[in-house]
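Please read the structure below before turning to the comments.
First the proteins, then the strands, lettered A, B, ... as listed; each starts at 1. Values reported hereafter were calculated over all heavy atoms of this structure, with side chains retained and with hydrogens, waters and symmetry mates removed.
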4 protein chains.
Amino acid sequence: MISQSIGKLNLIFRAAAELFAENGIDATPTAQIAARAGVANGTLFHYFMTKDDLIRALYSVSKKDILGAVLADLDEKQPFFVILHGMREALINWTLANPNTARFLMQYETSPAFLRESLSDQLTAVLEALIRLGIGNGELAQLSAEMHRNFILAHLNDIMKQIILNPKLSDDYLEASFLLIRRALRQDKKR
Amino acid sequence: MISQSIGKLNLIFRAAAELFAENGIDATPTAQIAARAGVANGTLFHYFMTKDDLIRALYSVSKKDILGAVLADLDEKQPFFVILHGMREALINWTLANPNTARFLMQYETSPAFLRESLSDQLTAVLEALIRLGIGNGELAQLSAEMHRNFILAHLNDIMKQIILNPKLSDDYLEASFLLIRRALRQDKKR
Amino acid sequence: MISQSIGKLNLIFRAAAELFAENGIDATPTAQIAARAGVANGTLFHYFMTKDDLIRALYSVSKKDILGAVLADLDEKQPFFVILHGMREALINWTLANPNTARFLMQYETSPAFLRESLSDQLTAVLEALIRLGIGNGELAQLSAEMHRNFILAHLNDIMKQIILNPKLSDDYLEASFLLIRRALRQDKKR
Amino acid sequence: MISQSIGKLNLIFRAAAELFAENGIDATPTAQIAARAGVANGTLFHYFMTKDDLIRALYSVSKKDILGAVLADLDEKQPFFVILHGMREALINWTLANPNTARFLMQYETSPAFLRESLSDQLTAVLEALIRLGIGNGELAQLSAEMHRNFILAHLNDIMKQIILNPKLSDDYLEASFLLIRRALRQDKKR
DNA sequence: CATGAATGAGCATTCATTCAT
DNA sequence: GATGAATGAATGCTCATTCAT
């Protein structure tokens, strides 16, 4: 057994994401997760005290992963829509590479348990900072940063959902839809 | 027994919507639904053969209700954005009046069970028809009806979610956000 | 509605016998019996206070019916084996005509509830009387009436089971098997 | 834990046989079986996926046991009726030693679920082979092996039932009843 | 008599969690 | 750490029985 060990913990995470995506979080027994991960039933509870712990840990790890991907290589010197386009592209690629995790995230963030927390994440903060810059330098319309942010987040969320339902979404469609965002948010050329 | 009978079936529907919204669909035992509805446990299964049947029936009824509200009083003679604005207003009012049902709908439509069906509803059809008219008479940009439709549905979905999280969302905010949609989709004045 | 009424009670009896034979006594819900009988659920409990009452009543009626058939036209003047052959023939015909009731009887008489009673019926009595006559006049072997009786009852029971499993049992087989009984029980010709 | 462990599985089998014999298969809740076996409710379902699985497994095990007992020490060199007598004795002893299992077997083999299968077991096969030998060497009457077999099986079944109802059945009775079988089946001395 | 909606105790089964090995 | 047998509280569902109409 030289080193094929991905680590049981990661095997569990992977199995959980798969099964949560396929059958739903509540509909997935821990025994099934352990089985697909190839570990014993009890092993899962060595890593996570409760099933809920596993869910929250998976959420935390996944969120960090997706944010890392979206916020990487972010060059604040670029124009706003160039940055946004890059972020969106990163999001799309991550979703294509991690469809199960994406589906798990969408599912979890709609659950009553999660909505009660309704935490604002790092993306919100970065986005708002960029938006303020964009409004300041005349790229974006004179609207509240909140409005811009919500609009953008709604779009990103929607794109993610569409990718999940149809991974072969054409580049043409994606580019055209980005144009709509741009038209909505940019400062009017004249006056 | 003067006449306070809303009917046990509706009591069950109401109780289910409440509890599903509060605690989640899977986290709600049928016994709890029956208790809150004020009926015996077995009565629930007199109306619905399984818990899943109840869920689907509630979804079906709720969907019909929300669509009825949104598509009522629809005057096709009006300009596109006037119609759209009216539909959005109806949606907002319905959501404010039926917050539990709204939360149930959002939850159910994210579930793997539902995504497998991924049915397109009456709203999709009506919207596409209106969009074609709008494109035809120059109100809307020369983009695919599909693109317009997805953009609008994403917005409506987002507004609904925001209303649920914050029912006191200001009219100013709502009007401004509608403007963004309009800017994105309208035909550019000048060529 | 001139007179097609077989009477709800008999409809219930018939439906119960059918379903008990098909699926087992315990596996048959009263609701199903009522449904097949074409009466309302509650109606069944107008005729029988409990399901158990229905079962016992059906047993009582069925037992009377089968005994009536087997003991009819019994001519005590005839030789023992002629009488026995006639009784067996009546039993076979009754079983062929009432397969469901026959299956119900066999099922019920094996149930722990019934075995606790272990009542001896009219057939036992009649048989023992005939046996004593047969022993007396030299037709039957000099064995206890109990032994003869058990032997005969075991055979009748077995024939009934075989008819149920295979209604087309040939006459040749039946006649040959009767010969075996006769050989077993008759008085040896020579001393 | 010195060694009194009979194994939970066997504890469950034993408890099930007892309760099935006492109260009937359908009338026995799994919770009661688990309780009498001294294990937790869930443990039963660790060994058997469903109650029906438990029933079938108990039947399979019991049938193997009784057949093992009846077919052991079978010396084909002996005359037919000596062999048959030995088999019957083994059956009687097994029934006396395992009354609960015996009652369970009789109950189960009368159930509609079982009758649908109506499998012929190893005993049938062995018996038929012996019968053919017996017919061949002139011990048995010139009748079909099927007829002999059914006659014998009916008798064995009846003896088992009598033992269950009255374990103190006298040896005299048993021997006399065996004589009847012999008279029925043996080849007539004189041509 | 007849109905069938309503009841609730009872049951099979599930599953997160524990723990001795 | 790792295992998986064992646990028992929780849950969906069944069904004999009741009763108002």
Side-chain angles (χ1 to χ4, degrees), chain A residues 5 7-9 12 26-35 37-55, chain B residues 1 5 7-9 11-12 26-35 37-55, chain C residues 5 7-9 12 26-35 37-55, chain D residues 1 5 7-9 11-12 26-35 37-55:
Chain A
S5 58
K8 309 222 174 202
L9 192 140
I12 292 171
D26 288 287
T28 302
T30 55
Q32 206 181 343
I33 298 173
V39 303
N41 205 316
T43 303
L44 191 152
F45 290 91
H46 263 294
Y47 291 96
F48 310 98
M49 301 236 331
T50 67
K51 181 185 182 183
D52 223 61
D53 274 355
L54 162 59
I55 296 170
Chain B
M1 229 156 289
S5 60
K8 309 226 173 202
L9 192 141
L11 287 173
I12 292 171
D26 289 287
T28 302
T30 56
Q32 206 180 342
I33 298 173
V39 303
N41 203 312
T43 303
L44 191 153
F45 291 93
H46 199 63
Y47 288 97
F48 309 99
M49 295 215 358
T50 65
K51 182 185 181 184
D52 222 61
D53 273 357
L54 162 58
I55 296 170
Chain C
S5 57
K8 310 223 174 201
L9 193 139
I12 292 172
D26 288 287
T28 302
T30 54
Q32 205 180 342
I33 298 173
V39 304
N41 205 317
T43 302
L44 190 151
F45 290 90
H46 263 294
Y47 291 95
F48 311 98
M49 298 236 334
T50 67
K51 183 186 180 182
D52 223 60
D53 275 356
L54 162 59
I55 295 169
Chain D
M1 228 155 292
S5 58
K8 309 226 173 203
L9 192 141
L11 288 173
I12 292 171
D26 288 288
T28 302
T30 56
Q32 206 180 340
I33 299 172
V39 302
N41 202 314
T43 302
L44 191 154
F45 291 92
H46 199 62
Y47 289 96
F48 309 98
M49 294 217 356
T50 66
K51 182 185 180 182
D52 222 62
D53 274 357
L54 162 59
I55 295 169

Dot-bracket for DNA chain E, 5' to 3', Watson-Crick and G-U pairs with both distances under 3.5 Å, [ ] for crossing pairs, | for partner on another strand, reads .||||||||||||||||||||
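Within 4.0 Å (heavy atoms only), A:Tyr47 reaches sugar-phosphate atoms of the nucleic acid but no base atom.
For the OP1/OP2 pair of E:dT7 and a distance below 4.0 Å, the side-chain nitrogens and oxygens of B:Lys8 include at least one atom meeting the criterion. Here B:His46 reaches the OP1 or OP2 of E:dA5: one of its side-chain N or O atoms lies under 4.0 Å away.
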Pick out the pairs of N or O atoms, protein on one side and nucleotides 14-16 of chain F on the other, that lie under 3.5 Å.
{"unit_1": "F:dA16", "atom_1": "OP1", "unit_2": "C:Lys51", "atom_2": "NZ", "d": "3.4"}
{"unit_1": "F:dA16", "atom_1": "OP2", "unit_2": "C:Thr30", "atom_2": "N", "d": "2.5"}
{"unit_1": "F:dA16", "atom_1": "OP2", "unit_2": "C:Thr30", "atom_2": "OG1", "d": "2.7"}

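In this structure, the side-chain contact (heavy atoms from CB on, under 4.5 Å) partners of C:Thr30, at least two apart in sequence or on a different chain, are C:Leu44, C:Phe45, C:Lys51. In this structure B:Asp26 satisfies the side-chain hydrogen bond (donor to acceptor under 3.5 Å, both in side chains) test with no other residue, sequence neighbours excluded.
Judged as a salt bridge (charged side-chain N to carboxylate O under 4.0 Å, His left out), not a single pair has a partner in residues 39-49 of chain B (not counting sequence neighbours).
Picking from E:dT3, F:dG4, F:dG8 the nucleotide with the shortest atom distance to the side chain of D:Ala40 gives F:dG8.
Note that the CZ atom of D:Phe48 and the CG atom of D:Asp53 stand 8.5 Å from one another [nearest 0.5 Å]. Rounded to the nearest 0.5 angstrom, B:Leu9 CG and B:Thr43 OG1 are separated by 11.5 Å.
Smallest separation of non-hydrogen atoms from B:Ala34 and B:Ala40: CB-O, 3.8 Å.
Residues C:Ile55 and C:Asp52 are in side-chain contact: their nearest non-hydrogen atoms beyond the backbone lie under 4.5 Å apart.
Protein atom CG of B:Leu44 is 14 Å distant from nucleotide atom P of F:dT11, rounded to whole Å. Protein atom CD1 of A:Ile55 is 14 Å distant from nucleotide atom P of E:dC15, rounded to whole Å. Separating the CD1 atom of B:Ile12 from the P atom of E:dA5 is a distance of 13 Å, rounded to the nearest angstrom. Note: CD1 (B:Ile33) to P (F:dT11) measures 12 Å, nearest angstrom. The distance from atom CZ of A:Phe48 to atom P of F:dG1 is 11 Å, rounded to the nearest whole Å.
Of the listed residues (C:Asn41, C:Val39, C:Thr28), just one forms a side-chain contact (heavy atoms from CB on, under 4.5 Å) with C:Ile33, and that residue is C:Thr28.
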